[in-house]
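This report refers to the structure that appears directly beneath it.
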Amino acid sequence: MHPDCPPTFKLTGKIMLDIQEIKNRFIHELAAAGSLYDLQQIRIKYLGKKGILTAKLKSLSTVSESERPAFGRLVNEVKVFIENETDARERFLKRIELDKKLASEALDITLPGKYTAAGSVHPINRVLKEIIDIFVSMGFDIEVGPEVEQDYYNFEALNIPKDHPARDMQDTFYINDDVLLRTHTSPVQVRVMEKKKPPLSFIAPGKVYRCDADVSHTPMFHQVEGLMVDTDISFSDLKGILEVFVRRIFDKDVPVRFRPSYFPFTEPSAEVDIGCILCGGTGCRVCKGSGWIEVLGAGMVNPRVFEMAGYDPDAYTGFAFGMGVERITMLKYSIDDLRMFFENDIRFLRQF
Ligand code: PHE
């Protein structure tokens with residue numbers, strides 16, 4: 001019922017005006033209710049237990065009998081009107097409140113997302129894993145040894161006594177007379193032979209330290225040692241294994257050559273070269289014009305080393321090899337400065 005519409009039935013002017021007045025007041029107050037709280041106050045004021053309209057309904061008995069039905073109907077009509085209007089107003093206010101909330105919490109999906117750098121595997125670790133995978137696929141185990149090592153394992157047991165000139169080949173960080181930072185992974189050969197009986201074949205990856213720093217040397221770098229011992233291991237086993245390795249790690253049909261060399265712990269010893277992968281063997285800055293690049297050292301285990309490790313040198317033969325992981329990584333990815341690996345320049349690392 002619209003507030004301006006006159007009631008459809010006859011009532012004494014006074015009562016009718018009274019109710020009409022209540023309704024008009026309600027309409028004004030409702031229009032001014034700006035929040036759900038205001039609305040609740042209005043509801044209580046008119047429809048609550050002690051509300052204005054409730055009181056009117058209660059006064060039904062005081063109205064003359066003839067007027068009672070019309071009065072009751074009018075009060076009820078106004079009651080329903082107030083209920084409907086407050087409900088509608090409530091829906092409207094809730095809607096506004098929700099809109100406000102949505103606007104303040106809105107996600108702007110047109111904004112660019114926050115970028116989280118995912119990081120990547122360091123090139124050294126990447127190549128190290130490749131090296132390990134190749135040897136593991138050929139049946140080699142993995143062994144590790146301490147980086148802080150005894151002079152005995154790093155030198156003595158590898159047939160490098162205290163006054164041996166070969167000690168000068170490796171600038172050593174000494175901790176005291178007997179303890180040092182291992183200069184190569186070869187001590188792991190001895191440590192494993194002391195613990196295990198042949199046949200054995202393993203690689204020993206890890207960090208090594210030398211007191212040296214320039215374009216091609218860093219005080220710490222990585223090596224992978226290899227050792228295979230049994231009753232009849234020959235130089236051709238060494239050649240075969242290393243040729244397979246070199247061809248798999250460089251992913252090409254690279255030529256491989258064994259060049260005579262010297263290590264106190266192997267006899268005979270060899271250095272393994274591959275055809276320069278940068279110039280293809282014609283000669284360049286990297287291979288210094290020779291067409292060949294050295295990638296690792298190797299040889300047949302010196303019987304003196306077997307003796308010191310407790311193996312019978314007449315019963316067993318074996319081969320050993322050692323390679324620098326940085327060197328192989330530099331060749332694989334044509335990196336010409338070793339220091340790049342350790343500078344943590346994100347522009348360099350991101351490329352891997
Ligand atoms: N330990 C040697 C080096 O660091 C490499 C090597 C290992 C050579 C095993 C022969 C056999 O230069």
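Along the sequence shown, residues are numbered consecutively beginning with 1. In listed order, ligands and their atoms are each counted from 1. Keep in mind that the numbers below use all heavy atoms, side chains included, and drop hydrogens, waters and symmetry copies.
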Does at least one non-hydrogen atom of Q223 fall below 4.0 angstrom from an atom of ligand 1?
yes
At a 4.0 Å cut-off, with the gap strictly under it, does some heavy atom of R210 reach an atom of ligand 1?
yes
Min side-chain heavy-atom separation F250-V295 under 4.5 Å:
yes
Say whether [X], considering both its backbone and side-chain N or O atoms, lies within less than 3.5 Å of an N or O atom on ligand 1.
{"X": "T266", "answer": "no"}
{"X": "S186", "answer": "yes"}
{"X": "H184", "answer": "yes"}

Centre-to-centre under 6.0 Å for F173 and Y209, is that the case here?
no
Contact atoms of ligand 1, heavy-atom distance to F265 under 4.0 Å:
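Answer, ordered by atom number: 1 (N), 2 (C), 6 (C), 7 (C), 8 (C), 9 (C), 10 (C), 11 (C).
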For F321, counting its heavy atoms only, list the atoms of ligand 1 lying under 4.0 Å from any of them.
7 (C), 9 (C), 11 (C)
Is E225 paired with R182 through a side-chain N to carboxylate O contact shorter than 4.0 Å?
no
Is K332 salt-bridged to E130, going by a charged N under 4.0 Å from an acidic O?
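Result for this pair is yes, salt bridge flagged.
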Does NZ belonging to K50 count more than 12 external heavy atoms closer than 6.0 Å?
no
Heavy-atom neighbours of K197 NZ exceed 12 at 6.0 Å
yes
For ligand 1, is any non-hydrogen atom under 4.0 Å from A298's backbone (N, CA, C, O), its side chain (CB onward), both, or neither?
backbone
